[in-house]
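In each ligand, atom 1 is the first atom listed, and ligand 1 is the first ligand listed.
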Amino acid sequence: MEILVTGGAGYIGSHTCVELLNSGYDVIVVDNFSNSKPESLRRVEEITGKHLKFYESDILDKAILEKIFSENNIEAVIHFAGFKAVGESIKTPILYYHNNITGTLILCTEMKKHNVKRLVFSSSATVYGMPKSVPISEYFPLSATNPYGRTKLMIETILQDMYSSDKEWSIAILRYFNPIGAHQSGRIGEDPNGIPNNLMPFITQVAVGKRDKLNIFGGNYATHDGTGVRDYIHVVDLAKGHLSALEKIMKTSGIEPYNLGTGVGYSVLDLVKNFEKATNKKIPYVITAPRLGDIAKCYANPIKAKTILKWSAQKNIQDMCIDAWRFQVNNPNGY
Ligand code: NAD
Ligand code: UDP
């Protein structure tokens, strides 16, 4: 079965390609390498011993998408391609709206034209805005606090309207919590450009000596130790969640959101301590002012994915730390 993976060279996309190939799917990737490198796809093939088909292209290029759908017998699309940096989205909102929203509109137009109506979409826990309580369920009110979050929210709305107009669509909206870690091989992982925005890549860069200390954003939150609590999920578990969603949408039509998280919250200090224990590396840190827009606690109620998709996260926080560290050590300068 042929699956088109947009943004398949990226962090989550590359891990999902590994799982798809290992499960016998034929994988076609479209990626413009705006935030990734061809090497990640070469390593996906190396890990799996399988070949994938690849188009170096922008999903904004309608003609290329037309060609991809005409040349292949695609049955479903997993749509990762998009920009994801919150700070950048505040500085360049038009770029974010265009890439994420126009890109999705063009993709869906081509899908419909070629009668491919099965879609797994990468959304985010950011669509819950400032949740009133935790754990967060899928029926919680949705809102957004920055342009990046608004692109996810708008795309979710567009997909809902698309389904309302044509009940043949079968769509899974996956709301990821905080993916970290890397493939166990240490060959693929998260490879951020410049100074990492996210916590785990920052920690691994401190551990490897690229940065002198971690800045912990806020020490006075209403949490067990004052630092922010998140639901960290191993990227391989997350990738497997896409296969479960794919199996589900192949069998039914409809549109459903699913939280992909572990259901367990760890604070920044918990993650630092677990990383130190897993790797025997000391992480010097200072507590600084809270980051604008951050919330105290964010973790999932993952029961819907468990009951409907038959998926739940298997790896623990130590696995996440060990695997993130292995990728960093093996690839001190990224790909
Ligand atoms: P990533 O940047 O590593 O991967 C995205 C990939 O899409 C990159 O390879 C990039 O080159 C490609 N891309 C971007 N715009 C494109 C375009 N117009 N045409 C073709 N390719 C394009 O990001 P990721 O962490 O793997 O995230 C994947 C998806 O999951 C994104 O949509 C992101 O918003 C979403 N998400 C990520 C996280 C996270 O913490 N990593 C959390 C929630 C949701
Ligand atoms: N964080 C931090 N220092 C950093 C990066 C992040 O203290 O250099 C904190 C952040 O305030 C939040 C948690 O780590 O409480 C996770 O942040 P990340 O950016 O990884 O994910 P988010 O949940 O914000 O999307």
K.L.:
Closer than 4.0 angstrom: is that true for some heavy atom of S123 and an atom of ligand 1?
P.N.:
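Checking ligand 1 against S123, which is what was asked, there is a heavy-atom contact under 4.0 Å.
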K.L.:
Can you tell me if E19 and S23 form a side-chain donor-acceptor pair at under 3.5 Å?
P.N.:
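No, no side-chain donor-acceptor pair sits under 3.5 Å.
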K.L.:
What do we get for F177 next to ligand 2 when only non-hydrogen atoms under 4.0 Å count, side chain, backbone, both or neither?
P.N.:
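Neither part.
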K.L.:
Within this structure, what is the NE2-CG distance for the pair H242 and L309, rounded to the nearest 0.5 Å?
P.N.:
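So the gap between those two atoms works out to 11.0 Å.
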K.L.:
Considering non-hydrogen atoms only, spot the tightest contact between Y96 and A85 and give its length.
P.N.:
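Scanning both residues, the minimum pair turns out to be OH-N, 3.1 Å.
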K.L.:
Please determine if K152 and E156 form a salt bridge, counting it only when a charged side-chain N lies under 4.0 Å from a carboxylate O.
P.N.:
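Between E156 and K152 there is no salt bridge, as every charged N stays at least 4.0 Å from the carboxylate O atoms.
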K.L.:
Do L199 and ligand 2 have an N or O pair less than 3.5 Å apart?
P.N.:
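N/O-N/O distance below 3.5 Å exists for this pair.
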K.L.:
So which protein heavy atom does atom 30 (O) of ligand 1 come closest to, and at what separation?
P.N.:
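Protein heavy atom with the smallest distance to atom 30 (O) of ligand 1: Y176 CE1, 3.3 Å.
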K.L.:
Check L214 against V206 and note the closest heavy-atom contact, atom names and distance.
P.N.:
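Heavy atoms of L214 and V206 come nearest at N-CG2, 3.9 Å.
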K.L.:
Do N215 and T288 get their side chains close enough for a donor-acceptor pair, meaning under 3.5 Å?
P.N.:
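Looking only at side-chain atoms, T288 and N215 do not form any donor-acceptor pair under 3.5 Å.
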K.L.:
Quick test: of every protein heavy atom, which one is nearest to atom 24 (P) of ligand 1, and how far off is it to 0.1 Å?
P.N.:
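Its nearest protein heavy-atom neighbour is K84 NZ, 3.7 Å.
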K.L.:
Looking only at protein heavy atoms, which one is nearest to atom 26 (O) of ligand 1, and what is the separation?
P.N.:
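Protein heavy atom with the smallest distance to atom 26 (O) of ligand 1: I12 N, 2.8 Å.
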K.L.:
For ligand 1, which atoms sit closer than 4.0 Å to a heavy atom of S36?
P.N.:
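Atoms satisfying the 4.0 Å criterion: 8 (C), 9 (O), 11 (O).
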K.L.:
Number the atoms of ligand 1 from 1 as they appear, then name those within less than 4.0 Å of a heavy atom of S122, with their elements.
P.N.:
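Those qualifying, in numeric order: 29 (C), 30 (O), 32 (O), 35 (C).
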K.L.:
Quick check on K277: does its NZ atom have over 12 non-hydrogen neighbours (other residues, nucleotides or ligands) under 6.0 Å away?
P.N.:
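Result for NZ/K277: open.
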K.L.:
Show the atoms of ligand 2 that are less than 4.0 angstrom away from any heavy atom in I216.
P.N.:
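With I216 as reference, the close atoms of ligand 2 come out as 7 (O).
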K.L.:
To the nearest 0.1 Å, how far is atom 29 (C) of ligand 1 from its closest protein heavy atom, and which atom is that?
P.N.:
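Going atom by atom, the protein heavy atom closest to atom 29 (C) of ligand 1 ends up being F80 O, 3.3 Å.
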K.L.:
Quick test: of every protein heavy atom, which one is nearest to atom 3 (N) of ligand 2, and how far off is it to 0.1 Å?
P.N.:
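The answer is N215 O, 2.8 Å.
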K.L.:
Is F217 in polar range of ligand 2, meaning some N or O pair under 3.5 Å apart?
P.N.:
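Looking only at distances, the answer is yes, because the N/O contact criterion of under 3.5 Å is met.
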K.L.:
Which bit of N178 gets closer than 4.0 Å to ligand 2, counting heavy atoms only: side chain, backbone, both or neither?
P.N.:
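Side chain only.
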K.L.:
Using a 4.0 Å heavy-atom cut-off, which part of N197 comes near ligand 2: side chain, backbone, both, or neither?
P.N.:
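Backbone only.
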K.L.:
Work out whether the distance between some heavy atom of S57 and some atom of ligand 1 is less than 4.0 Å.
P.N.:
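For ligand 1, residue contact (heavy atoms, under 4.0 Å) with S57 is present.
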K.L.:
How close does the nearest protein non-hydrogen atom get to atom 3 (O) of ligand 1, and which residue and atom is it?
P.N.:
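Sorting protein heavy atoms by distance from atom 3 (O) of ligand 1 puts Y11 N, 2.8 Å first.
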K.L.:
S124 versus ligand 1: do any nitrogen or oxygen atoms come within less than 3.5 Å of each other?
P.N.:
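No, no N or O pair falls under 3.5 Å.
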K.L.:
So is Y232 close enough to ligand 2, meaning a heavy atom under 4.0 angstrom away?
P.N.:
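Within the 4.0 Å threshold, so yes.
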K.L.:
What residue and atom, counting heavy atoms only, is the protein's closest point to atom 11 (O) of ligand 2, and at what distance?
P.N.:
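Looking at atom 11 (O) of ligand 2, the protein heavy atom closest to it is D294 OD2, 2.6 Å.
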K.L.:
Please state which protein non-hydrogen atom is closest to atom 12 (C) of ligand 2 and give its distance, to 0.1 Å?
P.N.:
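Checked against all protein heavy atoms, atom 12 (C) of ligand 2 sits closest to R230 NH2, 3.7 Å.
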K.L.:
Using the rule that two of Ile, Leu, Val, Met, Phe, Trp, Tyr join whenever any of their side-chain heavy atoms come within less than 4.5 Å, decide whether Y97 and L95 are in one cluster.
P.N.:
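In one cluster: no.
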K.L.:
Parallel, tilted or perpendicular: which fits the ring planes of F140 and Y128, with parallel below 30° and perpendicular above 60°?
P.N.:
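Ring orientation of F140 relative to Y128: perpendicular.
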K.L.:
With no hydrogens and no angle check, just 3.5 Å: does a side-chain donor-acceptor pair link N259 and N301?
P.N.:
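Absent: no donor and acceptor within the cut-off.
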K.L.:
Evaluate P179 for polar contact with ligand 1, using N/O atom pairs at a separation under 3.5 Å.
P.N.:
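The answer is no, given that P179 and ligand 1 share no N or O pair closer than 3.5 Å.
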K.L.:
For the CG atom on N220, are there more than 12 heavy atoms of other groups (residues, nucleotides or ligands in this structure) within a distance under 6.0 Å?
P.N.:
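It does not: N220 CG has 12 such atoms or fewer within range.
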K.L.:
Please work out, at 4.0 Å between heavy atoms, whether the side chain, the backbone, both, or neither of F33 comes within that distance of ligand 1.
P.N.:
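Just the backbone.
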K.L.:
Does atom NZ of K67 have more than 12 heavy-atom neighbours from other groups under 6.0 Å away?
P.N.:
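At most 12 heavy atoms, drawn from other residues, nucleotides or ligands, come within 6.0 Å of this atom.
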K.L.:
Considering heavy atoms of the protein only, find what lies nearest to atom 8 (C) of ligand 1 and give residue, atom and distance to 0.1 Å.
P.N.:
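Result for atom 8 (C) of ligand 1: D31 OD2, 3.6 Å.
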K.L.:
Counting only heavy atoms closer than 4.0 Å, does ligand 2 sit against the backbone of N198, its side chain, both, or neither?
P.N.:
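Both the backbone and the side chain of N198 come within reach of ligand 2.
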K.L.:
List the closest protein heavy-atom neighbour of atom 24 (O) of ligand 2: residue, atom name, distance to the nearest 0.1 Å.
P.N.:
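Here the closest protein heavy atom is R291 NH2, 2.8 Å.
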K.L.:
Between Y96, Y148, Y55, F177, which one has a non-hydrogen atom sitting closest to atom 34 (O) of ligand 1?
P.N.:
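Ranked by closest heavy atom to atom 34 (O) of ligand 1, first place is Y148.
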K.L.:
Around K281, counting heavy atoms of other residues, nucleotides and ligands shown, do more than 12 lie under 6.0 Å from its NZ?
P.N.:
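Atom NZ in K281 is not packed in, count stays at 12 or less.
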K.L.:
Look at E256 together with K304 and state whether they make a salt bridge at an N to O cut-off of under 4.0 Å.
P.N.:
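Yes, this pair counts.
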K.L.:
May I ask you to decide whether K240 forms a salt bridge with D237, counting only side-chain N to carboxylate O separations under 4.0 Å?
P.N.:
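Salt bridge: no.
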K.L.:
What protein heavy atom is closest to atom 9 (C) of ligand 2, reported as residue, atom name and distance in Å?
P.N.:
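Result for atom 9 (C) of ligand 2: V268 CG2, 3.7 Å.
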K.L.:
Out of curiosity, is K152 lining ligand 1, as in a heavy atom under 4.0 Å away?
P.N.:
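The answer is yes, since K152 has a heavy atom less than 4.0 Å from ligand 1.
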K.L.:
Would you say T262 and Y232 are linked by a side-chain donor-acceptor pair, where the criterion is simply a distance under 3.5 Å?
P.N.:
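The criterion, which ignores hydrogens and geometry beyond distance, is not satisfied for T262 and Y232.
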K.L.:
At the 4.0 Å heavy-atom cut-off, does S34 count as touching ligand 1?
P.N.:
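Distance cut 4.0 Å: S34 passes for ligand 1.
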K.L.:
Report the part of N99 (side chain from C-beta onward, or backbone N, CA, C, O) that has a heavy atom under 4.0 Å from ligand 1; answer both or neither where that applies.
P.N.:
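For N99, only side-chain atoms sit under 4.0 Å from ligand 1.
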